[in-house]
Amino acid sequence: METLSRWMFGFLLISLTGAHGLNNFPEKFVVAKRNVAKPVTLTCGAKSDETVTWKFNGEVIEESEDNVQKKGQNLIVSEVDTPMLGAYSCWRGGEMLSSTYLFLEDEEGDDLDTLLRCRAKSYDCSFSCVWTNSKYTAVRLRLGHECREDHESCNWISSNSKRDSNGGFQFEVSHSLSPYAEESTMLELHAQAIDNDSMLRRTKRFYLRDIVQPDSPQIVRCQEVEQDLNVTIDPPPSWSVPHSFFSLEHEIEYILKDDGRTERSSSALIPKRISKLRVRSRDSLVLSPWSQWTPWKNVTH
Ligand SMILES: *[C@@H]1O[C@H](CO)[C@@H](O)[C@H](O)[C@H]1NC(C)=O
Ligand SMILES: *[C@@H]1O[C@H](CO)[C@@H](O)[C@H](O)[C@H]1NC(C)=O
């Protein structure tokens with residue numbers, strides 16, 4: 001009964017203090033699988049073999065508790081369920097030796113493709129991603145194949161305080177692919193997300209060329225050439241150079257003055273008698289998605 005009430009107290013503590021979930025990733029954590037009877041081992045990491053004590057959410061754990069057992073300096077937690085999730089710490093006297101957060105694996109979450117949208121404005125050294133689901137309180141990403149575990153360049157990119165107006169998280173991910181080389185291996189993007197005391201872990205693999213979508217181009221000028229208008233279009237400033245190598249194709253949409261019809265052209269020469277026009281671009285080699293349209297430009301002459 002006493003055990004139960006302590007767990008209940010711990011649960012209440014989590015419920016009260018953790019109602020909004022963690023906003024940061026604990027340095028050390030263990031993720032227990034759902035509905036798997038296999039116990040989880042939390043390691044203390046003490047250097048000597050002195051006796052240590054374990055605390056859960058600040059409360060000393062007694063030897064007699066049902067689902068936790070001390071084994072040497074380690075703590076074995078079995079039948080992991082909601083009330084047992086949270087911060088475990090290992091102590092020698094008044095000194096905290098380590099702290100481990102116990103999560104439950106979130107297996108029900110959506111596919112990463114629906115949670116995370118990535119887009120590259122060019123073939124240059126970074127791309128951006130948006131984590132769209134706002135129920136997660138912390139999200140982080142890292143590119144897998146660029147780094148080995150515990151390698152310096154292998155830092156996680158954290159979402160801390162970068163929520164957009166829809167509650168999503170924004171990321172800017174750097175990569176070291178050469179823009180000139182044929183891309184032969186897929187990028188491997190790892191994501192971790194915390195929802196209450198559950199952790200979702202997913203990996204997404206894709207080619208950079210598959211997420212390229214240029215910004216809107218620029219309308220430089222319109223020149224009359226006999227019965228036509230010659231529209232000069234420049235790539236967006238964010239696009240990769242040289243433009244002869246990273247070629248874009250453009251599409252012009254225009255409204256005819258005479259009958260108000262809307263037409264499109266992939267040629268730079270369009271009829272002269274139009275009221276306004278706008279343009280968009282895409283990578284002509286990989287046929288990327290089209291950019292956004294430029295704003296309408298009124299044509300007066
Ligand atoms: C997380 O907590 C909220 C309330 O704080 C609850 O509505 C939601 O169902 C919880 N999610 C999970 C996966 O337990
Ligand atoms: C249209 O303009 C571009 C430069 O802005 C020029 O190179 C091209 O020759 C022009 N086309 C015609 C048909 O005049």
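All ligand and atom numbering here is 1-based and tracks the order in the structure. The analysis underlying the following values was restricted to heavy atoms, covering all of them including side chains, and did not include hydrogens, waters or symmetry mates.
Within a 4.0 Å radius of atom 7 (O) of ligand 2, the protein contributes no heavy atom. Counting protein heavy atoms under 4.0 angstrom from atom 14 (O) of ligand 2 gives one or more.
The neighbour count for Leu269 CG, taken as heavy atoms of other residues, nucleotides or ligands under 6.0 Å away, is above 12.
Near Arg221, meaning under 4.0 Å from one of its heavy atoms, ligand 2 places the atoms 5 (O). Below 4.0 Å from some heavy atom of Val225 lie the following atoms of ligand 2, by number and element: 14 (O).
Regarding atom 5 (O) of ligand 2, its nearest protein heavy-atom neighbour is Thr232 OG1, 2.8 Å. What sits closest to atom 3 (C) of ligand 2 on the protein, heavy atoms only, is Asn230 ND2, 3.6 Å.
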task: Decide yes or no on ring-ring contact (aromatic ring centres under 6.0 Å, His included) for Trp156 and Phe25, but give the supporting numbers first.
output: CA-CA 10 Å; Trp156 286 96; Phe25 281 80; 7.1 Å; no

Evaluation steps, ring-ring contact (aromatic ring centres under 6.0 Å, His included), between Tyr180 and Phe245: CA-CA 9 Å; Tyr180 303 107; Phe245 186 82; 5.5 Å; yes

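Shortest non-hydrogen contact noted between Thr137 and Leu22 is OG1-O, 2.6 Å.
Judged by distance alone, the side chain of Lys70 and the main-chain N or O of Thr53 form no donor-acceptor pair under 3.5 Å.
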